[in-house]
Chemist: 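Can you keep this structure in mind? I'll have questions shortly.
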Amino acid sequence: MKIPMTSCPLVLLPGFMLDETLWDEVVPLLQWEAPVHRLPLGPGTTTDEIARSVAAAAPERFVLVGFSLGGYIARKVAELFPERVAALVLVASSLESDTPERAKAKQDAIRALDPSTFRGLSTGSIAQSLHPDRRGDWELVTRIREMGRRLGYEAMVVQSGLRRDGIAAAELRCPTLVIGADQDALRSAQEIRELADAIPGTRLEVIKGSGHMLPLEQPEALVSTVRRWLLAPENQ
């Protein structure tokens with residue numbers, strides 16, 4: 001007998017240099033019957049290790065929501081533990097792996113940092129990830145930066161060095177929803193479409209009026225999109 005999605009716990013994964021407070025506005029809006037678990041991207045130093053850590057901390061069967069880098073980890077969890085993932089929601093994520101040039105740029109940036117004075121991502125890079133109308137919202141920028149500061153320099157090193165290739169997409173068989181934002185400067189519309197096209201039977205939704213940081217910029221629209229899909233008759 002199929003278990004209704006409303007009876008499945010939710011597991012929420014944050015993105016690059018973001019912690020569980022990413023979901024502070026989202027969780028109350030979900031009004032989910034089953035428990036909601038906010039898990040970190042760790043411990044571990046590879047996507048495989050982090051995915052296994054997530055699975056170890058998660059309930060036996062769950063709906064998995066991954067944001068950005070968390071979307072890569074979510075796909076890895078679904079690849080390694082297909083019998084445990086009831087459904088998959090990938091928010092502002094991608095199939096793209098780092099080019100050698102981009103990987104080198106990340107490592108060069110890390111080498112330029114002083115671990116003793118690390119205070120999170122730069123305000124400029126954070127602002128560029130937001131909707132153009134929110135780039136001057138320094139309260140929001142500071143909130144995002146504080147997440148990175150709390151995670152610390154070592155998390156920056158590990159997450160920057162994660163290989164994003166070789167993670168299943170076409171092999172995934174659980175119901176999957178891919179969500180993008182119409183003003184995402186980090187994940188293009190083409191990337192979002194390619195991710196949705198790569199996973200069989202996936203539904204694609206695009207939320208308007210948001211940059212990359214959907215859980216912070218448009219939590220109501222994000223929750224409405226996720227709930228509508230999870231509660232659709234075909235997913236029950």
Side-chain angles (χ1 to χ4, degrees), residues 12-18 22-23 26 41 46-48 50-51 54 64-79 85 87-107 109 121-122 124-135 144 148 156 159-219 221-223 225-226 229:
L12 310 178
L13 301 181
F16 179 72
M17 294 306 287
L18 299 167
L22 173 73
W23 306 105
V26 168
L41 299 183
T46 66
T47 53
D48 188 288
I50 294 170
V54 168
L64 184 55
V65 181
F67 171 73
S68 195
L69 175 58
Y72 289 84
I73 302 299
R75 283 194 288 124
K76 192 66 178 180
V77 174
E79 174 189 341
V85 179
L88 192 60
V89 179
L90 305 173
V91 182
S93 195
S94 175
L95 288 173
E96 294 293 314
S97 56
D98 284 343
T99 62
E101 294 77 17
R102 188 171 181 183
K104 181 179 183 301
K106 282 184 177 180
Q107 294 308 310
L121 300 174
S122 72
S125 65
I126 293 169
Q128 282 300 115
S129 73
L130 301 173
H131 186 280
D133 293 345
R134 301 294 297 275
R135 289 174 184 169
I144 296 168
M156 176 81 166
Q159 292 186 16
S160 296
L162 288 175
R163 291 194 58 173
R164 304 186 183 199
D165 57 342
I167 302 174
E171 301 80 5
L172 300 179
R173 292 294 178 264
C174 61
T176 302
L177 171 65
V178 169
I179 301 175
D182 70 338
Q183 295 289 321
D184 189 339
L186 302 186
R187 295 296 174 208
S188 69
Q190 179 179 343
E191 283 182 73
I192 298 295
R193 168 61 68 183
E194 287 173 349
L195 175 60
D197 288 346
I199 303 172
T202 292
R203 181 166 182 80
L204 172 64
E205 296 280 356
V206 177
I207 293 175
K208 297 185 181 300
S210 183
H212 184 67
M213 304 299 294
L214 270 163
L216 299 174
E217 296 183 68
Q218 290 285 0
L222 177 60
V223 168
T225 301
V226 171
W229 180 74

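All values below come from the heavy atoms of this structure, side chains included, with hydrogens, waters and symmetry mates left out.
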Chemist: Does Arg135 have any side chain to side chain donor-acceptor pair (under 3.5 Å) partners at least two apart in sequence or in another chain, and if so, which?
Modeler: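 Testing Arg135 for side chain to side chain donor-acceptor pair (under 3.5 Å), a comparison that skips the adjacent residues, returns none.
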
Chemist: Closest approach of Leu204 and Ala196, non-hydrogen atoms and distance?
Modeler: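 Smallest interatomic distance, heavy atoms only, reads CB-CB, 4.0 Å.
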
Chemist: So which heavy atom on Gly71 is nearest to which on Ser93, and how close?
Modeler: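 Taking every non-hydrogen atom into account, CA-OG, 3.5 Å.
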
Chemist: Kindly give the heavy-atom pair with the smallest separation between Thr47 and Lys76, and that separation in Å.
Modeler: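 The pair with the smallest heavy-atom distance is O-CG, 3.9 Å.
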
Chemist: Locate the shortest heavy-atom distance separating Leu216 from Leu22; write the atom from each residue and the value.
Modeler: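 Shortest heavy-atom separation between Leu216 and Leu22 comes out as CD2-O, 3.6 Å.
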
Chemist: Quiz question: by atom type and distance under 3.5 Å, do the side chains of Ser94 and Glu191 form a donor-acceptor pair?
Modeler: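 Looking only at side-chain atoms, Glu191 and Ser94 do form a donor-acceptor pair, the distance falling under 3.5 Å.
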
Chemist: Using the ring pair (Phe, Tyr, Trp, His ring centres under 6.0 Å) criterion, which residues pair with Phe67? Sequence neighbours excluded.
Modeler: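 Checked Phe67 against ring pair (Phe, Tyr, Trp, His ring centres under 6.0 Å); matches are His212.
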
Chemist: Which residue, Val54, Val91, Ile50, Leu18, forms the side chain to side chain contact (heavy atoms under 4.5 Å, CB included) with Leu13?
Modeler: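 Of all the options given, the one that passes is Val54.
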
Chemist: Is the backbone N or O of Asp165 less than 3.5 Å from a side-chain atom of Ser97, with the two atoms forming a donor-acceptor pair by type?
Modeler: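 Such a contact is absent between Ser97 side chain and Asp165 backbone.
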
Chemist: Before accepting this row, confirm whether a basic side-chain N of the pair Arg173/Glu171 lies closer than 4.0 Å to the acidic partner's carboxylate O.
Modeler: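 Looking at Glu171 together with Arg173, the answer is no, because their closest N to O distance does not fall below 4.0 Å.
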
Chemist: Taking the side chain from Asp184 and the backbone from Ala189, do they hold a donor-acceptor pair closer than 3.5 Å?
Modeler: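 No, because the side chain of Asp184 does not come within donor-acceptor range (under 3.5 Å) of the backbone of Ala189.
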
Chemist: Going through the checks in order, is the side chain to side chain contact (heavy atoms under 4.5 Å, CB included) test met by Ile207 and Asp182?
Modeler: CA-CA 6 Å; Ile207 293 175; Asp182 70 338; over 6 Å; no

Chemist: CD1 of Ile167 to CG of Leu95: how many Å apart, nearest 0.5 Å?
Modeler: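 It is 9.5 Å, given to the nearest 0.5 Å.
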
Chemist: Would you name the heavy atoms of Trp23 and Pro215 that are closest together and state the gap between them?
Modeler: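 Scanning both residues completely, I find the closest heavy atoms to be CZ3-CG, 3.9 Å.
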
Chemist: Got a second to check how far Ser210's OG is from Gln183's CD, nearest 0.5 Å?
Modeler: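 If we round to the nearest 0.5 Å, Ser210:OG and Gln183:CD are 9.0 Å apart.
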
Chemist: When rounded to the nearest 0.5 angstrom, what distance separates CG in Leu69 from CE in Met17?
Modeler: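 Answer for the CG-CE pair, Leu69 versus Met17, is 11.0 Å.
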
Chemist: If you measure from CG on Leu88 to CG on Leu172, what distance do you get to the nearest 0.5 Å?
Modeler: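 Here the rounded value is 6.5 Å.
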
Chemist: Please confirm whether the backbone N or O of Glu96 pairs with a side-chain atom of Tyr72, one donor and one acceptor, at under 3.5 Å?
Modeler: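 Side chain of Tyr72 to backbone of Glu96: a pair is present.
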
Chemist: If you define the side chain from C-beta out and look only at heavy atoms, does anything of Pro14 sit under 4.5 Å from Leu41?
Modeler: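 Yes, side chains in contact.
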
Chemist: Pair Ile179, Leu90 - check side chain to side chain contact (heavy atoms under 4.5 Å, CB included), show working.
Modeler: CA-CA 6 Å; Ile179 301 175; Leu90 305 173; over 6 Å; no

Chemist: Does any N or O in the side chain of Glu217 come within less than 3.5 Å of the main-chain N or O of Met213, such that one atom is a donor and the other an acceptor?
Modeler: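 Between the backbone of Met213 and the side chain of Glu217 there is a qualifying donor-acceptor contact (under 3.5 Å).
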
Chemist: Return the minimal non-hydrogen interatomic distance between Thr176 and Cys174, and the atom names on each side.
Modeler: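 That closest heavy-atom pairing would be OG1-O, 2.9 Å.
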
Chemist: For Trp229 and Arg203, what are the C-alpha separation, side-chain angles and deciding distance, and is it a side chain to side chain contact (heavy atoms under 4.5 Å, CB included)?
Modeler: CA-CA 9 Å; Trp229 180 74; Arg203 181 166 182 80; 3.7 Å; yes

Chemist: Among all residues two or more places apart in sequence or in another chain, which pass the side chain to side chain donor-acceptor pair (under 3.5 Å) test with Ser125?
Modeler: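 In terms of side chain to side chain donor-acceptor pair (under 3.5 Å), with neighbours along the sequence ignored, Ser125 is linked to Ser122.
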
Chemist: Which is it for Gln218 and Leu214 under the side chain to side chain contact (heavy atoms under 4.5 Å, CB included) test, yes or no, and what are the steps along the way?
Modeler: CA-CA 5 Å; Gln218 290 285 0; Leu214 270 163; 4.2 Å; yes

Chemist: Are the side chain of Glu79 and the backbone of Ala168 linked by a donor-acceptor contact shorter than 3.5 Å?
Modeler: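 Answer holds: yes.
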
